[in-house]
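Nothing fancy with the numbering, it's 1 onward along the sequence.
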Amino acid sequence: MVVAEVNQLQYVSLTHRPPKSLQRLLVLERLQDPGNLGTLLRTAVALGWDACFLLPGCCDPFNDKALKAGRGAAFKLPMAQGGWPDLEEAVKMHKMQCYGASPDKSEADTGKQLRCDPASITQRPDVASHPLCIILGSEGQGLSKTAVAASRPLAIPMSGAMESLNVSQAGAILMFALGGRTLELYKQVDMNLQQ
């Protein structure tokens, strides 16, 4: 018989972090598939994101399937959980801009939606240099009305042959595109092209 004593996993408080210590925050709302959740956590760790905030309705990040898909990322990435008031407090404290992943083409046509491509992002110093969070919604329902109201729409330009991407695929693209190091790379490439 093997017996092990394990510390109970605890969530962190994002409002107790020093100012400017939270530059990139992944926010998940009602994400129910543990495979997708684990993959998003793994991607966040790999791309250097600072933390993840789980809103109500998300599956357990310490679920076996989530841990397997994430390769243990839930133990490496600071994780917080709570409701909208908790998230709003952290966002306000860290002066973050919130973006909600949305495939809604009607918003893209009006110019309200930030297109997640190098040309659009490098022209937006507010995106490149300020703290931000990305809110990803449930696989089947997308973002709630509360999430839509609390964020600016963010889209991945697509050819039109597909309506949407899997949430973990979309999240990986968005985290890569909006990560601090990636934005510096975009600027460098842009400067080289202009010379």
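Residues satisfying the side-chain contact (heavy atoms from CB on, under 4.5 Å) criterion with Gln141, sequence neighbours excluded, are Arg30, Ser138. With sequence neighbours excluded, the residues that form a side-chain contact (heavy atoms from CB on, under 4.5 Å) with Cys59 are Pro34, Leu37. The side-chain contact (heavy atoms from CB on, under 4.5 Å) check on Thr15 picks up Ser13, Glu89, Ala90, Met93, with sequence neighbours excluded. Under the side-chain contact (heavy atoms from CB on, under 4.5 Å) criterion, Leu143 pairs with Glu29, Ile135, Ala147, Val148, not counting sequence neighbours.
The nearest pair of heavy atoms linking Trp49 to Leu26 is CE3-N, 3.8 Å. Taking each heavy atom of Tyr99 and Pro153 in turn, the nearest pair found is CD2-O, 4.5 Å. What you find for Leu22 and Pro131 is that their closest heavy atoms are O-CB, 3.6 Å. Heavy atoms only, all atoms of each residue included: Pro61 and Ala66 are closest at O-CB, 3.5 Å. Of all heavy-atom pairs between Leu40 and Ala172, the closest is CD2-N, 4.3 Å. When all heavy atoms of Leu178 and Arg24 are compared, the closest pair comes out as O-NE, 2.6 Å.
With values rounded to the nearest 0.5 angstrom, Ser144 atom OG is found 5.5 Å from Trp84 atom CH2. Residue Ser168 holds its OG atom at 10.0 Å from CD1 of Ile173, rounded to the nearest 0.5 Å. A distance of 9.0 Å separates CD of Gln97 from OG of Ser151, quoted to the nearest 0.5 Å. Going from atom NZ of Lys65 over to atom OG1 of Thr39 covers 9.0 Å, rounded to the nearest 0.5 Å.
At distances below 3.5 Å, not a single donor-acceptor pair connects side-chain atoms of Asn36 with backbone N or O atoms of Asp33. Without hydrogens or angle criteria, His94 side chain to Leu14 main chain gives a donor-acceptor distance under 3.5 Å.
Within the 4.5 Å cutoff, no side-chain heavy atoms of Leu132 are placed close to those of Met96. With a 4.5 Å cut-off on side-chain heavy atoms, Thr43 and Phe176 do not count as touching. The shortest distance between side-chain heavy atoms of Lys76 and Leu41 does not fall below 4.5 Å. Under the 4.5 Å side-chain criterion, counting only non-hydrogen atoms from C-beta, Arg42 is in contact with Arg71. In this structure, the side chains of Leu28 and Cys52 come closer than 4.5 Å at one or more pairs of heavy atoms. Contact annotation: the side chain of Pro56 never approaches that of Gln81 to less than 4.5 Å [non-hydrogen atoms, C-beta and beyond]. Contact check for Leu174 versus Leu136: side-chain heavy atoms found under the 4.5 Å cut-off.
Other residues, nucleotides and ligands contribute over 12 non-hydrogen atoms within 6.0 Å of the CZ atom of Arg17.
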